[in-house]
Engineer: 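Structure provided below as structure tokens; questions to follow.
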Protein chains: 2
Amino acid sequence: MKRGLNDSKTNATAPRATIVEVAAAAGVSIKTVSRVVNREASVSDRTREKVEAAIQALGYRPNPSARSLAGNRSYSLGILYQAPREFGYVRNALDGVMAACEAEGYALLMRPCQDVLDLDGVDQFLAQTRIDGAVLTAPICDDDQVMALLTERGVPFCQLSPAAHRPGGLSAHADDEPASRALTEHLLSLGHRRIGFILGHPDHSSSAQRLAGYLRALKRHGLRKDAGLIAQGYFEFESGKACARRLLKRKHRPTAIFASNDEMASGVLYVARELGLKVPEDLSIVGFDDSMVAERTWPPLTTVRQPVTAMADAITRSLIKSLRGHPVAAKDQERHYDCELVLRASSGIAPSE
Amino acid sequence: MKRGLNDSKTNATAPRATIVEVAAAAGVSIKTVSRVVNREASVSDRTREKVEAAIQALGYRPNPSARSLAGNRSYSLGILYQAPREFGYVRNALDGVMAACEAEGYALLMRPCQDVLDLDGVDQFLAQTRIDGAVLTAPICDDDQVMALLTERGVPFCQLSPAAHRPGGLSAHADDEPASRALTEHLLSLGHRRIGFILGHPDHSSSAQRLAGYLRALKRHGLRKDAGLIAQGYFEFESGKACARRLLKRKHRPTAIFASNDEMASGVLYVARELGLKVPEDLSIVGFDDSMVAERTWPPLTTVRQPVTAMADAITRSLIKSLRGHPVAAKDQERHYDCELVLRASSGIAPSE
DNA sequence: TTGTACGCGTTATCAG
DNA sequence: CTGATAACGCGTACAA
């Protein structure tokens with residue numbers, strides 16, 4: 001049998017101990033060892049201690065492949081995500097899901113998806129990995145075809161920031177709408193009356209929610225929706241630039257612009273500079289997400305922070321709990337999280353109109 | 001057997017076909033099916049076609065757990081990385097490694113590591129996942145203890161941007177030193193003579209290489225090293241700010257600052273603004289990595305781009321090739337990549353001294 | 001070129 | 001509470 005580079009055949013350690021050796025060392029049957037390893041209840045304390053000692057002594061680690069084969073589950077989850085240039089949301093989601101998986105002894109397999117979803121690719125992923133469950137991130141969490149496929153394959157899943165909670169499903173959701181409203185109120189309180197709005201990518205349900213919050217705030221202040229102040233962006237820097245140009249070219253240009261994420265907000269900032277507008281004196285700008293760029297631009301961006309990592313962690317734990325056959329309390333099936341307003345200099349000052 | 005939410009027991013599809021059923025359908029033995037699946041040579045065309053038809057018809061997919069158990073390998077790799085706030089390098093590395101794994105039918109398991117490496121955690125990772133090989137990213141790729149552990153466990157690995165290639169090992173490496181030199185020459189050609197330098201994190205070998213390139217360029221222009229112009233940073237925004245303050249407080253302040261990455265460069269930019277210095281008129285700033293912030297700051301940062309994704313992809317493919325027992329050509333064992341200078345406005349103009 | 005039979009290290013059934 | 005023993009699905013000597 002050929003082996004590759006870094007060959008360590010000669011100085012390799014002894015092969016890992018198996019359950020049989022542990023059983024022999026502890027003077028019990030392998031089933032009992034299995035019981036101890038899997039924390040089943042019906043084992044006497046004396047036996048458990050003996051077994052645990054043997055496990056310790058031999059450095060025993062159950063073989064995941066054997067476990068999977070015999071148990072007909074893989075002890076691993078998958079996470080499906082779209083990977084835009086701005087990786088903030090996805091990265092936070094990953095952090096949370098990974099933390100949960102590690103804590104619960106699950107492995108995590110990642111599946112990046114393209115803008116236009118490749119269903120066959122996902123199906124292949126399911127076949128190759130045999131994951132026990134999946135975490136769906138936005139906007140994939142709202143894709144009916146993906147959910148149908150998972151259901152067909154018998155793979156339970158949870159949704160991170162979906163458009164709507166599915167009865168009997170698992171989801172974590174940040175309240176974008178109130179946050180967006182508060183952010184808009186902030187601008188209104190500074191005296192702004194013509195506030196431009198740059199929509200996010202239409203596939204993301206949060207785009208609509210952020211718009212709704214913006215409109216609601218305007219309404220509460222007796223302002224009517226002005227379609228000319230609303231531009232369709234795609235959550236990307238360049239689209240933020242394009243929208244900003246359109247909005248700022250109006251003869252009655254807005255005194256403030258609310259971009260649906262920080263990337264686009266930084267695009268607005270770029271265009272403001274091109275046009276010689278001072279921020280925030282001539283133009284207030286706010287973003288959303290509190291991504292890394294929000295602290296790096298000048299002036300730094302007023303924005304909204306979502307607890308994505310915590311949301312992902314929590315929902316993943318619920319998923320695993322459910323995979324283990326434990327009931328998940330109703331309040332843990334549909335979780336809601338508040339967002340936090342982060343005030344920085346880009347919105348700062350009352351408009352000089 | 002209890003199952004959790006999203007229960008699809010009732011409307012689930014038939015369980016996946018096994019090799020036995022395929023063999024039956026094709027009228028051959030399971031060994032023959034195995035041969036076809038694993039692309040072994042000694043199968044007649046007629047038989048192969050029959051088997052492939054049966055596989056197609058039944059939608060057969062080999063069970064990875066069974067494969068792993070019987071074959072004593074997991075068909076999966078691990079990637080070890082440190083996850084700083086600035087995720088650019090890691091993310092590019094991930095992209096490359098994942099592309100390679102997907103192309104080669106390997107799964108990828110991720111192992112984020114803390115600044116101070118938890119060896120036991122890594123060992124646990126190896127035990128739980130039984131990965132066939134590992135990709136080490138900077139700065140973990142230079143950690144002797146990790147490499148010793150992997151060797152002891154018989155897990156072959158490759159290194160992404162290590163300090164030095166290990167004979168018989170696998171590594172991909174971008175030539176930081178020449179790039180750093182070119183970047184410094186760029187500043188020198190603009191007329192700068194007092195160029196501050198902010199070092200990267202000492203754990204990263206690239207930090208030393210970037211310094212070396214800087215010093216070499218100075219020397220070629222007859223300038224001597226001035227310790228007062230060199231500050232120790234840690235690849236982070238805040239450390240860039242701190243170093244910039246120190247450097248710019250000198251009575252004879254530098255007219256340009258070379259920060260060892262873009263994050264720190266954006267920190268320098270921040271401090272320049274605090275001090276009322278115009279960039280690039282009063283101070284030229286250059287970074288390294290061409291991360292996302294480099295395009296978002298104002299002015300955008302002159303920097304250096306490394307082909308990290310391509311490097312990661314290539315080295316991972318070599319690793320997999322070697323895992324399969326195929327020889328890896330010498331030129332593919334130690335790969336060198338050129339960096340690319342990215343000129344933007346932050347360095348732009350000759351110093352007004 | 002093809003097939004048989006065994007083993008991989010667990011989980012699970014069912015009897016003690 | 002504990003233990004034989006049969007799966008689980010595939011790779012691989014070895015034989016044909």
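To find a chain, count down the sequence lines: A is the first, B the second, and so on, and within it residues start at 1.
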Engineer: Does the structure place the NZ or CZ of R111(A) under 6.0 Å from the centre of the six-membered ring of Y81(A), at an angle of no more than 45° from the ring's axis?
Structural biologist: no

Engineer: Whole angstroms only, please: what is the CD-P distance between E21(B) and dG9(D)?
Structural biologist: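 About 8 Å, once rounded to whole Å.
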
Engineer: Between R67(B) and dC10(D), is there a side-chain N or O to OP1/OP2 distance below 4.0 Å?
Structural biologist: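 Looking at the OP1 and OP2 atoms of dC10(D), neither is under 4.0 Å from any side-chain N or O of R67(B).
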
Engineer: Could you write out each protein N or O paired with an N or O of nucleotides 12-16 of chain D at a distance under 3.5 Å?
Structural biologist:
unit_1, atom_1, unit_2, atom_2, d
dT12(D), OP1, R73(B), NH2, 3.1

Engineer: Tell me whether the side-chain N/O atoms of S44(B) come closer than 4.0 Å to OP1 or OP2 in dT2(C).
Structural biologist: yes

Engineer: Would you confirm whether S68(A), through its side chain, and P64(A), through its main-chain N or O, come within 3.5 Å as a donor-acceptor pair?
Structural biologist: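 Yes; at least one donor-acceptor contact below 3.5 Å.
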
Engineer: At less than 4.0 Å, is any side-chain N or O atom of Y75(B) found next to OP1 or OP2 of dC10(D)? Yes or no.
Structural biologist: no

Engineer: Which residue is it: R335(A), H336(A), H165(A), Q333(A)? I am looking for the one with a side chain to side chain donor-acceptor pair (under 3.5 Å) to S171(A).
Structural biologist: H165(A)

Engineer: Once you apply a heavy-atom cut-off of 4.0 Å, does R61(A) come out as touching a base, just sugar-phosphate, or nothing?
Structural biologist: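 The residue R61(A) makes sugar-phosphate contact but no base contact.
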
Engineer: Any side-chain N or O of T18(B) less than 4.0 Å from the OP1 or OP2 oxygen of dG9(D)?
Structural biologist: no

Engineer: Quick check on dG9(C): is either OP1 or OP2 less than 4.0 Å from any side-chain nitrogen or oxygen of S65(A)?
Structural biologist: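 Negative; the distance criterion is not met.
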
Engineer: Using a 3.5 Å distance criterion without hydrogens, assess whether the side chain of R130(A) forms a donor-acceptor pair with backbone atoms of A127(A).
Structural biologist: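 It does hold such a pair.
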
Engineer: What is the distance, rounded to the nearest whole Å, between atom CD of E49(A) and atom C1' of dC1(D)?
Structural biologist: 15 Å

Engineer: Toward the 5' end of DNA chain D, which comes first, V28(A) or A66(B), by nearest nucleotide?
Structural biologist: V28(A)

Engineer: For Q128(B) and dT10(C), give me the distance from atom CD to atom P, rounded to whole Å.
Structural biologist: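 My rounded result for the distance is 14 Å.
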
Engineer: Rounded to the nearest Å, what distance is computed from the CZ atom of residue R48(B) to the P atom of nucleotide dT2(C)?
Structural biologist: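 One finds 9 Å between P of dT2(C) and CZ of R48(B), rounded.
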
Engineer: Nearest whole Å is fine: how far is dC8(D) C1' from I19(B) CD1?
Structural biologist: 13 Å

Engineer: Do other residues, nucleotides or ligands put more than 12 heavy atoms under 6.0 Å from E102(B) CD?
Structural biologist: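 Not more than 12 within 6.0 Å, no.
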
Engineer: Roughly, in whole Å, what's the span from CG in L69(A) to P in dA6(D)?
Structural biologist: 17 Å

Engineer: Does the Q159(A) side chain pair with the main chain of C141(A), one donor and one acceptor, at a distance under 3.5 Å?
Structural biologist: yes

Engineer: Roughly how bent is the helix from dT1(C)-dA16(D) to dG16(C)-dC1(D) end to end, in steps of 10 degrees, with each end axis from five pairs?
Structural biologist: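 Answer rounded to 10°: the end axes differ by 30°.
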
Engineer: Side chain of D313(B), backbone of T309(B): donor and acceptor closer than 3.5 Å?
Structural biologist: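 A pair under 3.5 Å: no.
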
Engineer: Applying a 4.0 Å non-hydrogen cut-off, can you work out what S68(A) is touching in the nucleic acid: base, sugar-phosphate, or nothing?
Structural biologist: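 The residue S68(A) makes no contact with any strand.
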
Engineer: Let me know the distance between CZ of R324(A) and P of dT11(C), rounded to the nearest Å.
Structural biologist: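 Those two atoms, CZ and P, are 13 Å apart.
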
Engineer: What residues form a side-chain contact (heavy atoms from CB on, under 4.5 Å) with L69(B), not counting sequence neighbours?
Structural biologist: N63(A), S65(A), A66(A), L69(A)

Engineer: Quick check: on DNA chain C, is the nucleotide nearest V43(B) upstream (toward 5') of the one nearest N63(A), or the reverse? Name the residue that is more 5'.
Structural biologist: V43(B)

Engineer: Check whether any side-chain N or O of D132(A) sits under 3.5 Å from a backbone N or O of R73(A) as a donor-acceptor pair, and report yes or no.
Structural biologist: no

Engineer: Parallel, tilted or perpendicular for F87(B) and F87(A), by the 30°/60° rule?
Structural biologist: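 The arrangement is parallel - the two ring planes meet at less than 30°.
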
